[in-house]
Amino acid sequence: MSRVRTGPVLGLTVQTVLLAGLAATVGLDVAGWLAGLGYGVVTCVALRRGLRRRGADRLGPADRVTLARGLLVGGVTALVVTGLDGATPLGVLVPMTAVALALDAVDGWVARRTGTVSALGARFDMEVDAFLILVLSVQVAPAVGPWVLAIGGLRYAFVAAGRLLPWLRGTLPPRFWRKVVAAAQGVLLLVVAADLLARPAAAVLAAVALALLVESFGHDVGWLWWHRPARVARTAAPTTASSLSLPRGTSVAALPSVPSLRPRVDAIADRPFAAHQPV
């Protein structure tokens with residue numbers, strides 16, 4: 001069996017063992033089991049397809065770190081879903097989430113040190129980060145209010161809008177502030193989820209996270225609108241009949257500026273990125 005198959009299958013096996021350990025220690029209900037296992041299946045199937053499309057025969061070193069982080073996110077998902085009908089074991093949830101967030105700074109470093117930066121790795125990293133933020137939003141929503149779900153849902157709404165408005169899938173220039181805002185989302189939501197603050201203070205912290213995210217999205221949406229292909233083509237069109245210059249079109253690759261703690265790659269060939277990623 002090739003490494004393309006053994007890598008994701010091993011990941012799914014470890015995910016199942018992790019869920020079994022959580023069930024035996026802190027307890028998981030049926031919904032938690034299904035959510036965690038379903039997440040693991042989707043993640044590993046998507047990773048296997050990505051490897052085949054790329055023509056790779058194995059996971060890279062950084063991909064293994066991202067996979068480990070993804071398995072932790074599967075455990076967090078199971079705990080959060082189980083806690084919807086009762087108390088979530090924060091003593092397990094918070095450390096597990098903290099490790100997952102910390103590893104976000106490791107896989108990019110490993111990719112650069114080993115020369116294994118890849119488009120697949122960047123996409124994999126982005127999806128793990130995005131889903132973790134969505135799950136944390138669900139965790140804090142009962143205490144803060146349903147509006148906090150916008151933090152986890154904004155990126156997915158942006159992706160959906162991009163299917164209807166192709167200019168939203170345009171290339172964004174690097175912006176350090178975007179990375180700062182993205183990294184802040186996981187940290188701020190984890191502090192709120194830890195239940196260390198009074199409800200009003202937790203709500204303010206979540207509101208700050210949402211405001212920062214809206215500002216970042218708003219800035220980038222405005223930039224993409226101003227640089228949309230139709231407008232650039234009109235601006236570049238010749239102004240006189242005698243001009244020999246041709247209109248210059250703008251190549252709009254489906255390229256993200258991956259707002260994580262570090263970029264791992266600059267393009268992907270087989271499917272579009274969203275322009276934002278929560279962490």
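Only a predicted model underlies this, so the values are computations on that prediction, with no experimental measurement involved.
Under the 4.5 Å side-chain criterion, counting only non-hydrogen atoms from C-beta, Leu172 is in contact with Arg178. In this structure, the side chains of Leu132 and Leu101 come closer than 4.5 Å at one or more pairs of heavy atoms. Side-chain contact between Leu72 and Leu103 is present, with heavy atoms from C-beta onward closer than 4.5 Å. Between Ile151 and Leu189 there is a side-chain heavy-atom pair separated by less than 4.5 Å. Within the 4.5 Å cutoff, no side-chain heavy atoms of Trp225 are placed close to those of Leu168. Between Leu212 and Trp177, the closest side-chain pair of non-hydrogen atoms falls below 4.5 Å. You'll find the side chain of Trp109 stays beyond 4.5 Å of the side chain of Val65, heavy atoms only. You'll find the side chain of Met126 reaches within 4.5 Å of the side chain of Arg155, heavy atoms only.
Residue pairs satisfying the salt bridge (charged side-chain N to carboxylate O under 4.0 Å, His left out) criterion with at least one member in residues 21-44, sequence neighbours excluded, are absent. Among residue pairs with one or both ends in residues 45-73, none qualify as ring pair (Phe, Tyr, Trp, His ring centres under 6.0 Å); sequence neighbours excluded. Residue pairs meeting the salt bridge (charged side-chain N to carboxylate O under 4.0 Å, His left out) criterion with at least one partner in residues 196-219, sequence neighbours excluded, are Arg175-Glu215. Within the structure, the ring pair (Phe, Tyr, Trp, His ring centres under 6.0 Å) test picks out the following pairs touching residues 19-58 (sequence neighbours left out): Tyr39-Phe131.
When all heavy atoms are compared, the tightest approach of Leu205 to Leu197 is CD2-CD1, 3.8 Å. Between Val181 and Ser216, the shortest heavy-atom distance links the atoms CG1-CB, 4.1 Å. Closest heavy-atom contact between Leu134 and Gly153: CD1-N, 4.2 Å. Pairing each heavy atom of Trp147 with each of Ala207, the nearest pair is CH2-N, 3.5 Å. The two residues Ala100 and Val73 make their nearest non-hydrogen contact at CB-CG2, 4.5 Å. Annotation for Val221 and Trp167: closest pair O-CZ3, 3.7 Å, computed over non-hydrogen atoms.
With hydrogens and angles disregarded, a donor-acceptor distance shorter than 3.5 Å links the side chain of Arg64 to the backbone of Leu59. With Gln185 contributing its side chain and Ile133 its backbone, the two residues share no donor-acceptor pair below 3.5 Å. Counting only distance, with no hydrogens or angles, the side chain of Arg169 and the backbone of Gly162 share a donor-acceptor pair below 3.5 Å.
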field: Step-by-step side chain to side chain donor-acceptor pair (under 3.5 Å) determination, Thr66 to Asp107
entry: CA-CA 6 Å; Thr66 307; Asp107 49 9; 2.7 Å; yes
field: Stepwise side chain to side chain contact (heavy atoms under 4.5 Å, CB included) test for Leu28 and Leu79
entry: CA-CA 7 Å; Leu28 295 177; Leu79 292 174; 4.0 Å; yes
message: Let's go through Val148 and Leu210 carefully: what are the C-alpha distance in whole Å and the side-chain angles of both, what is the deciding distance for side chain to side chain contact (heavy atoms under 4.5 Å, CB included) to 0.1 Å, and is it a yes or a no?
response: CA-CA 7 Å; Val148 79; Leu210 179 58; over 6 Å; no
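Grouping the Ile, Leu, Val, Met, Phe, Trp and Tyr side chains by contacts below 4.5 angstrom, directly or via other members, places Val208 with Phe217. Residues Phe176 and Leu213 fall within the same hydrophobic cluster, defined by Ile, Leu, Val, Met, Phe, Trp and Tyr side chains chained together at heavy-atom separations under 4.5 Å. Hydrophobic clustering (side-chain heavy atoms under 4.5 Å, transitive across Ile, Leu, Val, Met, Phe, Trp, Tyr) keeps Leu196 apart from Met96. Tracing side-chain contacts under 4.5 Å through hydrophobic residues (I, L, V, M, F, W, Y), one reaches Val180 starting from Val191; they form part of the same cluster. Leu93 and Val187 sit in two unconnected hydrophobic clusters of ILVMFWY residues. Membership requires side-chain heavy atoms under 4.5 Å apart, directly or through other members.
If you look at Trp223 and His227, their ring centroids are closer than 6.0 Å.
Separation of atoms CZ (Arg49) and CG (Leu120) is listed at 12.0 Å; rounding is to 0.5 Å. Asp125 CG to Asp63 CG: the interatomic distance, rounded to the nearest 0.5 Å, is 9.5 Å. The CG atom of Leu47 sits 12.5 Å away from the CZ atom of Arg123 when rounded to the nearest 0.5 Å.
Under the side chain to side chain contact (heavy atoms under 4.5 Å, CB included) criterion, Val42 pairs with no residue, sequence neighbours left out.
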Donor-acceptor list for residues 7-18 side chains, cut-off 3.5 Å, not counting sequence neighbours:
| from | atom 1 | to | atom 2 | distance (Å) |
| --- | --- | --- | --- | --- |
| Thr13 | OG1 | Val9 | O | 2.9 |
| Gln15 | NE2 | Leu71 | O | 3.2 |
| Thr16 | OG1 | Leu12 | O | 3.0 |

